[in-house]
Undergrad: 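Pasting a structure here, questions to come.
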Number of protein chains: 2
Amino acid sequence: MIENSQARKVSSESNQSQTLYVGSLEKGFRVLEAFRDGPGDLGLTEIAARTGLDKSAAQRFTNTLQQLGYLEKDPRSRRYRPAVRLMDFAYTYLQHDQLAEIAMSRLIEASKIFGTTVNLCVLIDTAIIYTVRIPHEKASFPATVPGRRMPAFCTAGGTVILAYRSREEAEAVIDASDRTAITDKTVTDRTAVMERIAEARDRGYGIGIGQALPNEISVAAPVLDNRGRAIAAVQIPAYMPQWTPQEAREKLAPLAMETARSISGMLRPTE
Amino acid sequence: MIENSQARKVSSESNQSQTLYVGSLEKGFRVLEAFRDGPGDLGLTEIAARTGLDKSAAQRFTNTLQQLGYLEKDPRSRRYRPAVRLMDFAYTYLQHDQLAEIAMSRLIEASKIFGTTVNLCVLIDTAIIYTVRIPHEKASFPATVPGRRMPAFCTAGGTVILAYRSREEAEAVIDASDRTAITDKTVTDRTAVMERIAEARDRGYGIGIGQALPNEISVAAPVLDNRGRAIAAVQIPAYMPQWTPQEAREKLAPLAMETARSISGMLRPTE
DNA sequence: CCCATAAGTATTATATTGTAATACTTTTTG
DNA sequence: CAAAAAGTATTACAATATAATACTTATGGG
């Protein structure tokens, strides 16, 4: 007998719903999520281990996902990997994202000014997630991929979004964050992080030097709704030694701010 | 009493599995897929209509997907829309895609030569799906979004991939395709389409002029595995009148071919 | 402005569907 | 080559998903 286990987050409004919740669906997604952690194919046993499902369940969901076309199975190794069909979801999301639509052409323009990569990111839980990327240099592969998550607390995008949210919200996010250092320069101290957020607010842009990658400078400016609340950030990475922090502040920060402002101005009013 | 309905495709190898198939998972994905067709939020009733689920089922799956964070609900209108979290799947897929990883830097380089957009696409069923996009001009928004599908039969990418598959496979795909014209120049006739595929094979690249968009020229070259079979295509769009078909053939086609060849050469041998 | 209709929400009894135990086969590895 | 591990198939069981229905909230035409 299995206890109902895993306390499930219950949405704030209107909730009787244990009975309107389909647990099987959650389990299916858990299997897909198991592939998010790292590259490499997974065997049945490893999937079971990562998801907390038993072997039978892993078998069933894995099989179902394969039949649906979301997983591929290598008949030799009998291991699974994500299938192209998953890309449908990116399209589904982006097609509905008014922000991405407005931003796209402006991000492309911005990327041409100095020939840099330009990204759009939004906050989700304690992370930022890149929704649109206009890559211009060969950074590490994961850094060029849409859908990539990074911790909000140590990224320029994350800090500048929090800078344009309420103090309470910013603190809540920082407190909920796993603030493990990524590089030896990553600022993890709560007060210091809050300080960086305050700075971002003062300057109108966030900047991180070697926070997430040793040789990376990252600047980001907020996309604001009509109440002045950040809903996203335009982020521009630059790499040392080609760029210096000062150059980034003088050239890239204004570009990010101008681009973000232009996007903000086009948003259809919330409410 | 509901008949077991919807004859389900049964995977070719090893199949007893009605019992290893979780129908609820399929229904959940059907709900997400309902959002793929077009932009705009959906209400419960419309979701039920599009998915073929009854109101209760739509209610259950919609609620579950919302709790999982894949759908958002507007409390005012009580309508649903895709949530950012769907972008996770793009990352999950791309992170595991050796091809995308190899291709990325080369596509970026290629895009700089003439300042054009450069895409990577793969075949899925009768469609191509863009997995990597390096956008350089403001085309229509959907045309810049990864995960976008287009019919294989009328795209340069689709025809050139089929050109480097077996004749049987190419015919099977064309026959299975819904060959509705997209522009007034779209070639839909079976023989004519097969002819275009043969031409692509002869020249080493595919080209379409106004096939999918009135003023678009599209060229594409095949990425080949070690047996000479196409696994993807490098596709470059150009727009008239800035580009003429002849210029595209002389400049963009060679660029696409060179880029595709370079990617092919880096693939770890299949098998 | 108000009524009629449609859309969305909540509840519950029922059995279909998902479950997990187990035995079997294939692969890996020491 | 033996032993263990990984993957596959089968089945009896009941927990979970289901769909009918009653209820509440919105919408739009007269």
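Predicted model only: the values in this text are computed from it and were never measured. Proteins come first, then strands; the chains are lettered A, B, ... in the order of their sequence lines, and each starts at number 1.
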Undergrad: Identify, residue by residue, the members of residues 36-44 of chain A with a heavy atom below 4.0 Å from DNA chain D, and return them in order of residue number, or none.
TA: Gly43(A), Leu44(A)

Undergrad: Atom CD of Gln67(A) and atom P of dG18(C): how far apart are they, to the nearest Å?
TA: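 Whole-Å distance recorded here is 12 Å.
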
Undergrad: Tell me, please, which residues at least two apart from Arg179(A) pass side chain to side chain donor-acceptor pair (under 3.5 Å).
TA: none

Undergrad: Say you draw a straight line from CD of Glu169(A) to CG of Leu123(A); how long is it, rounded to the nearest 0.5 Å?
TA: 7.0 Å

Undergrad: Sequence neighbours left out, what passes side chain to side chain donor-acceptor pair (under 3.5 Å) with Asp184(B)? Give chain and number order.
TA: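 Per chain and number, Asp184(B) pairs via side chain to side chain donor-acceptor pair (under 3.5 Å) with no residue.
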
Undergrad: For the side chain of Thr126(B) and the backbone of Ser177(B), is there at least one donor-acceptor N/O pair under 3.5 Å apart?
TA: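 Flag not set: sc Thr126(B) to bb Ser177(B) has no pair under 3.5 Å.
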
Undergrad: Using whole Å, report how far CD of Gln59(B) lies from P of dT12(C).
TA: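 Between P of dT12(C) and CD of Gln59(B): 14 Å.
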
Undergrad: Please check the phosphate of dT9(C) (OP1 and OP2 only) for any side-chain N or O of Thr62(B) closer than 4.0 Å.
TA: no

Undergrad: How close or far is atom C1' of dA6(C) from atom CZ of Arg79(B), stated in whole angstroms?
TA: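 Rounded to whole Å, this separation is 13 Å.
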
Undergrad: I want to check one thing: is the phosphate of dC23(D), taken as OP1 and OP2, less than 4.0 Å away from some side-chain N or O of Lys55(B)?
TA: no

Undergrad: Give a yes or no on whether the backbone of Ile124(B) and the side-chain of Arg85(A) come within a donor-acceptor separation of less than 3.5 Å.
TA: no

Undergrad: I want to check one thing: is the phosphate of dA5(D), taken as OP1 and OP2, less than 4.0 Å away from some side-chain N or O of Thr45(A)?
TA: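 For dA5(D), neither OP1 nor OP2 has a side-chain N or O of Thr45(A) closer than 4.0 Å.
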
Undergrad: Rounding to a whole Å, what distance do you find between Glu46(B):CD and dG8(C):C1'?
TA: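 About 14 Å, once rounded to whole Å.
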
Undergrad: If you look at every heavy atom in Arg106(A) and Ile263(A), which pair is closest and at what distance?
TA: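 Heavy-atom minimum between the residues: CD-CG1, 3.7 Å.
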
Undergrad: Are Phe29(B) and Phe29(A) close enough that their ring centres sit under 6.0 Å apart?
TA: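 Yes: the rings meet the under 6.0 Å criterion.
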
Undergrad: Looking at five pairs on each end of the helix from dC1(C)-dG30(D) to dG30(C)-dC1(D), what is the angle between the two axes, given to 10 degrees?
TA: 60°

Undergrad: Report the distance from atom CG of Leu20(A) to atom P of dA10(C), rounded to the nearest whole Å.
TA: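 So the CG-P distance, Leu20(A) to dA10(C), works out to 7 Å.
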
Undergrad: If only side-chain N and O atoms of Ser56(B) are considered, is one of them under 4.0 Å from the OP1 or OP2 phosphate oxygen of dA20(D)?
TA: no

Undergrad: Whole angstroms only, please: what is the CG-C1' distance between Asp74(B) and dT9(C)?
TA: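 It is 16 Å, rounded to the nearest whole Å.
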
Undergrad: Does Lys27(B) have a side-chain nitrogen or oxygen under 4.0 Å from the phosphate oxygens OP1 or OP2 of dG18(C)?
TA: no

Undergrad: Can you check whether Thr19(A) has a side-chain N or O nearer than 4.0 Å to OP1 or OP2 of dA17(D)?
TA: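 Negative; the distance criterion is not met.
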
Undergrad: Which pairs with one or both residues in residues 90-100 of chain A pass salt bridge (Lys or Arg N to Asp or Glu O under 4.0 Å), sequence neighbours excluded?
TA: none

Undergrad: Find every protein N or O atom lying less than 3.5 Å from an N or O atom of nucleotides 26-30 of chain C, and list the pairs.
TA:
none

Undergrad: Hey, is Arg79(B) close enough to Asp74(B) for a salt bridge, meaning N to O under 4.0 Å?
TA: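 A salt bridge is absent here (no side-chain N lies under 4.0 Å from a carboxylate O).
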
Undergrad: For the residue pair Phe35(B) and His96(A), categorise the inter-ring angle as parallel (less than 30°), tilted (30 to 60°) or perpendicular (more than 60°).
TA: perpendicular

Undergrad: What is the distance, rounded to the nearest whole Å, between atom OH of Tyr21(A) and atom P of dT9(C)?
TA: 18 Å

Undergrad: Whole Å only: how far is the CZ atom of Phe61(A) from the P atom of dT16(D)?
TA: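 Roughly 12 Å, once rounded to whole Å.
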
Undergrad: Which heavy-atom pair separates Ile129(A) from Met87(B) by the least distance, and what is that distance?
TA: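 What the structure gives for the nearest pair is CD1-CB, 3.9 Å.
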
Undergrad: Ignoring hydrogens and geometry, is there a side-chain-to-backbone donor-acceptor pair from Arg149(A) to Ala127(A) under 3.5 Å?
TA: no

